[in-house]
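The next block holds one structure in the form of structure tokens; read it before the comments.
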Amino acid sequence: MRMTRLVAKTLREAPSDAEAISHQLLVRAGFIRRISSGIYSYLPLGLRVLRKIEGIVRQEFDATGAQEVLLPTVQPIELWEETNRTVTMNDVLMRVEIRGGKFVLGPTHEEAVIATVTQDLASYRDLPATVYQIQTKFRDEARPRFGLLRTREFIMADAYSFDPSQEAMRASYKALYGAYVKVFDRLGVEYYPVEADAGSIGGDVNHEFMVPAAIGEDYFALCRDCGYKANIEAARRSRDFAPGTDVVAPMSEIYTGETPTVDSAIAIISKTRPEITAAAMIKSIVLKDEKGALALALVPGDRKVRIPPGYKPFEREDFADYDFLNLGFVGPMGMAERGIRVIADYSIVAGKAWTSGANKKDFHVLDAEAMRDFEIDEFGDLVVVQDGDACPNCSASMELVRSVEAGHTFQLGLYYSEKIASARFSGEDGADSMYYMGCYGIGISRLPAVVAEVSHDNAGLIWPITVSPYQVHLVAIAYGRDAAAAAVADELYASLQSHGVEVLFDDRDLGPGVKLNDADLLGIPIQVVVGPKGVTAGVADLKLRASGAKSDVPLGEVVERCKTTIAELLEVVPWKVGGRGAEFEA
RNA sequence: CGGGGAGUGGCGCAGCGGCAGCGUACCUGGUUUGGGACCAGGGGGUCGGGGGUUCAAAUCCCCCCUCCCCGACCA
């Protein structure tokens, strides 16, 4: 492609509303343009990057035997009512009403894929099967931000596996997980498949594919010793807490006044008992399960609580219904007698003096001991993991890594099949059976931004060759001014193309500084510069964008050198950690 | 949805009661061509929208819209 013809203009300055570096660079380099909040157009360069990423996904998904389909963007709302997701996904659903009735723009496609394949996967003989699509989706995100990283309209590659049994589902999951590892290896960015929280879907194992990035909205816990890694919502810490050895005084009450938070209570209490810190306090969080039964979660006062599965936090208004629950002064004492289940973090050990709310407004208790002054029905992993916590596998210190979620694989099991009557096939015995499903999503349109976010420098973008819009950026210095040099450049351009090299040719009549700076901004991995000086000497300058390494190449060898350099760059997986990826327990 | 900030030419910004400006980008001519050159000329803006105050509003007041940031939310 000749840049004089290319629909894109580089900008010296990014729009002021572009906050994320990836957003700024992608706009400045002419890859994308913002149309509305969270809604973007792709210019030719940006689309080529998308196509490269899609191509990688297609290859790796196809290699597992998955088959590409295309599901509708506009879906009848009845499909969504069947799974109750008109309610559970209400906030992101975009509804449209047309003559034909009520519809939604698909934010995801579980319902649609089941409706699509049910008659074609009607027998156990048709299973297993995996289909996938690369589709535009729409979610009315509460807050689109960071350019392409969080948008309302986005492109996703989503695969769905259908199996006759849980074991078969696990095999399908493993195959797709393997494809994901290959896809991310080829994208050339550092990534970690981490254990993830199943969310409301439930299901067995699921993984998120996380790319560490300063702008990331997610965190995962990483143990560099044993390789344990889990999303912060799913991460656990070691349960190895020995009982304390304090000589615990009898429990006593203390008037603390209007101190409904841990910090405010400690501020008062520490005046008389300076040794008592937030960590020595029990934070009691009131929960309710699906049936409305109450439970109490106990965590140390300096930690954030991780709500155990099956429970929801009590709403502020709910407290009015229970006079023994004083918001801000709740404690575990006497809860067993009231039939309230007490679940404690493993760190709430006996033999230690705890401070707690006294279940009485404006009062706390001191020197409460677990098992002596209050019962614990059950222990759980109830705290949100933080930097320095001990790894649950090997007890080494873990760190939290800030990252962007780039992909997510789920074992859905029967979650949707149970809700959708048509999700059935005839089993070997002739009876109706439900599909065991898996779903696998990669944020295609998020990835150019993810790559840009982790692969750039002060001069601009640095594309891995696998996703770069072009492989070679041919820069002609003094094109239109120096006939001899221009002729050489034209010849090189034609020659590279005829050898199958994807080449962007800067044939613009601009000063050399502009063109070289633009080449760095666009970030194509191999730059070839030809100008009057070099042509006189019989050489072109070949520069690798990533390393900045330059070398003079005789004009007659440029094409060959480009081809071998491309091959070398394709050979390298720029980032690879030993043991990462392949191993996991499905 | 709560809090904060901003809307002036494609992009970045100044102007803050008295003729709508600068840089960049764009067009024409000329000089220049190995790291964002220079000279001369030129085109382009309902100053986010509506209402009000005023002899006069980009500027002051009211309402609305949009965008950005922080938070809440995030199968």
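So that the names make sense, note that chain A is the first sequence line, chain B the second, and so on, each numbered from 1.
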For a quick check of understanding: with a heavy-atom distance under 4.0 Å over all strands, which category does [X] fall into, base, sugar-phosphate or nothing?
| X | answer |
| --- | --- |
| A:K9 | sugar-phosphate |
| A:A18 | nothing |
| A:E141 | nothing |
| A:M437 | nothing |
| A:T88 | nothing |
| A:D482 | nothing |
| A:R34 | sugar-phosphate |
| A:D17 | sugar-phosphate |

Check the phosphate of [N] against [X], side-chain N and O only, distance under 4.0 Å to OP1 or OP2. Yes or no?
| X | N | value |
| --- | --- | --- |
| A:R12 | B:rA25 | yes |
| A:S16 | B:rG12 | yes |
| A:S36 | B:rC67 | yes |
| A:R143 | B:rC70 | yes |

Next on the checklist: Is the distance between the ring centroids of A:F209 and A:Y177 under 6.0 Å?
Outcome noted: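 Yes, ring centres under 6.0 Å apart.
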Item to check | base_contact_polar (B:rC74 base, A:R150 side chain, donor-acceptor, <3.5 Å) | outcome: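 Answer is yes: a donor-acceptor pair is held.
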Item to check | Residue pairs passing the ring-ring contact (aromatic ring centres under 6.0 Å, His included) test where at least one lies in residues 537-557 of chain A, sequence neighbours excluded | outcome: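 Passing the test, one end in residues 537-557 of chain A: no pairs.
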Checklist entry - Is the Lys NZ or Arg CZ of A:R139 less than 6.0 Å from the centre of A:F154's six-membered ring, within 45° of the axis? => result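 Not satisfied by the 6.0 Å and 45° rule.
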